[in-house]
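Below, read A as the first sequence line, B as the second, and so on, with proteins coming before strands; counting in each chain starts at 1.
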Amino acid sequence: MSAHAALAGVSRVYPGGDGRAPLHALGPIDLALRPGEFFAVVGPSGCGKSTLLEVLAGLAPASEGTVTFEGSPVAGAVPEGVGVVFQEDASFPWANVYDNVAFGLQGSGLDRSEIDARVRSALAFMGLRDFASAYPAQLSGGMRQRVCIARTLVLKPRLILLDEPFGALDAQTRLLMGDEVLRLWRETGATVLLITHALDEAAMLADRVGVMSARPGRFIDVVETGWPRERDSRLAERPDFGALVARLWSSLRVESIKALGHT
Amino acid sequence: MTRVGWLRLGIIGGAIGLLEILCRAGAIKKVTMVPPSDMVLALGQLLAKGELLDDIGRTLSSVAIAGAIAVAGGILLGIGLHALPRFRRAVEPMLASWYAVPFFIFYPLLVGIFGLSDAPIIVVAVLFAIVAMIVNTLNGLDRVTPVLRKVARVHRLNAPDTVRRILLPAIAPHLLTGFKLATAYSFIGVIASEFILSTSGLGFAIAHAYNNFETRKMYALMLLIIVLVTAINTALFMWEQRLLRRRFNR
Ligand SMILES: Nc1ncnc2c1ncn2[C@@H]1O[C@H](COP(=O)(O)OP(=O)(O)OP(=O)(O)O)[C@@H](O)[C@H]1O
Ligand SMILES: [Mg+2]
């Protein structure tokens with residue numbers, strides 16, 4: 001089966017200028033996302049995870065190598081069918097939750113009732129039904145991220161890229177949000193790439209976990225979890241879950257130390 | 001109302017009351033100033049007679065035209081300058097020192113070009129107001145978080161839609177600040193120009209009343225302008241508060 005989205009020999013160097021040296025942030029890296037799989041990326045802080053996501057989404061150019069989505073090269077623009085939820089809060093403070101979520105559908109030529117139906121179902125899916133007329137300032141950080149996920153969902157993306165969407169949440173809430181992401185993945189049938197710094201989260205959610213090295217980030221390990229498609233946070237109670245997290249940690253430990261500068 | 005609000009009202013009321021007493025007691029001569037209560041009365045009579053309506057209409061329409069040009073032009077120029085960083089760096093010092101130039105010195109020149117019509121008045125007011133709008137637009141655009149531009153690209157918006165659907169709403173608080181300033185500067189530009197050299201408008205009417213020793217009428221007109229400007233500013237302020245409350249949950 002051919003890859004849904006792929007990076008081949010991709011690296012990214014942020015150009016210098018104004019007295020700054022160019023910065024080699026990523027790669028060279030290869031990645032082939034299988035259609036419909038859930039792939040998680042873990043790696044030490046600053047190793048180039050967000051850079052990887054931007055290159056894959058077509059938001060940033062690869063300095064070397066090629067990026068493809070559904071068989072076509074990605075260059076200079078985000079392809080139709082790719083949805084992104086960013087690490088930073090990207091909700092629109094000027095619009096209420098409903099209008100935030102409807103954003104991508106307004107002016108798309110869909111009729112009002114279809115837009116309304118999609119927005120209502122995304123709001124219900126993300127547990128935001130009672131907050132349709134609230135403004136982001138009245139919501140918690142986790143709820144704002146859910147607004148951003150809902151805004152992506154209404155567009156029915158076939159590839160969903162999530163950059164530490166729950167990074168600001170406490171560990172328990174994060175695991176429960178993980179259940180929602182799993183539900184989203186199963187019900188949409190989309191291919192999902194999730195970036196996270198939490199090893200347990202990656203181990204619980206993903207079919208495969210890619211472990212990245214310190215910057216410039218490369219995959220030093222890609223682990224098949226072998227979980228069934230029907231799964232949830234109760235996985236964390238299983239003994240083989242602990243073993244998986246331990247394996248991820250042993251790969252990551254040295255790199256995390258490097259990233260801290262204690263070489 | 002808050003205690004500070006009452007205090008503020010008290011200060012203003014006290015000042016007006018003091019003026020009233022000083023005028024009534026003869027400490028301020030009648031040719032210099034009429035008592036505030038008489039200003040209100042005089043204004044009421046002027047408005048009732050209807051002779052002012054032309055001047056009010058003339059001034060307000062000049063302010064509206066100048067304000068609209070300054071706001072729309074300021075936003076467009078602001079967006080353009082933001083998109084051309086090198087050009088922006090070249091002109092930024094001029095924008096920063098813009099208000100050091102007393103524009104009214106160009107008024108005779110403009111009258112020479114446009115004749116004694118509304119055009120030179122509007123040009124002065126636009127020159128005066130537009131830079132406040134440009135500067136505030138630039139300020140806002142500088143503070144747009146990069147992630148919002150990425151969201152625009154993920155939604156595959158073209159440049160005009162990115163501006164209309166993301167950038168302008170994102171910088172709305174800055175645009176409102178610019179809008180308030182541009183409105184105030186348009187008023188100043190129009191009325192001061194009318195004052196110097198014009199045959200109609202509120203500024204002209206004040207100058208005319210002054211030259212003809214119509215003290216009562218002059219103060220009535222001044223009161224009218226203050227009431228107008230205060231009303232417009234209050235409306236803008238309330239709009240701004242509503243917007244900020246929603247956005248920052250205050
Ligand atoms: N626009 C940019 N210009 C220059 N350097 C950048 C830019 N964006 C990121 N970098 C640098 O590239 C490296 C990788 O950044 P990136 O944001 O991809 O890391 P990350 O793995 O997502 O980090 P985190 O875990 O903190 O989110 C970092 O050293 C960062 O400082
Ligand atoms: Mg990141």
**Message:** If you compare all heavy atoms of A/A90 against all heavy atoms of B/V147, which two are closest, and at what distance to 0.1 Å?
**Reply:** CB-CG2, 3.9 Å
**Asked** So, for A/E54 and B/K150, which heavy atoms are closest and what is the spacing to 0.1 Å?
**Response** OE2-NZ, 2.6 Å
Considering only heavy atoms, which portion of [X] lies under 4.5 Å from any heavy atom of chain B: side chain, backbone, both, or neither?
{"X": "A/A57", "value": "neither"}
{"X": "A/Q106", "value": "both"}
{"X": "A/N96", "value": "neither"}

For residues [X] and [Y], determine if any side-chain heavy atom of one lies less than 4.5 Å from a side-chain heavy atom of the other.
{"X": "A/V82", "Y": "B/V154", "result": "no"}
{"X": "B/R165", "Y": "A/F103", "result": "yes"}
{"X": "A/V78", "Y": "B/H155", "result": "no"}

Are more than 12 heavy atoms from other residues, nucleotides or ligands located less than 6.0 Å from atom [atom1] of [X]?
{"X": "A/R183", "atom1": "CZ", "result": "yes"}
{"X": "B/Y99", "atom1": "OH", "result": "yes"}
{"X": "A/R218", "atom1": "CZ", "result": "yes"}
{"X": "A/E64", "atom1": "CD", "result": "no"}
{"X": "A/D116", "atom1": "CG", "result": "yes"}

**Complete:** Looking only at A/D89, A/L59, A/L155, A/T152, most heavy-atom pairs under 4.5 Å shared with chain B are made by A/L59
**Request:** Select, from A/P79, A/G107, A/A95, the one with the greatest count of heavy-atom pairs under 4.5 Å involving chain B.
**Result:** A/P79
**Request:** Check each atom of B/R153 against the heavy atoms of chain A and say whether the ones under 4.5 Å are side chain, backbone, both or neither.
**Result:** both
**Message:** Looking at chain A, which one of B/L243, B/T145, B/V151 has the largest number of heavy-atom pairs inside 4.5 Å, strictly under?
**Reply:** B/V151
**Asked** side-chain contact (heavy atoms from CB on, under 4.5 Å) with A/Y135: which of B/R246, B/R245, B/R247?
**Response** B/R246
**Message:** Rounded to the nearest 0.5 Å, what separates atom CZ in A/F92 from atom CD1 in B/I166?
**Reply:** 4.0 Å
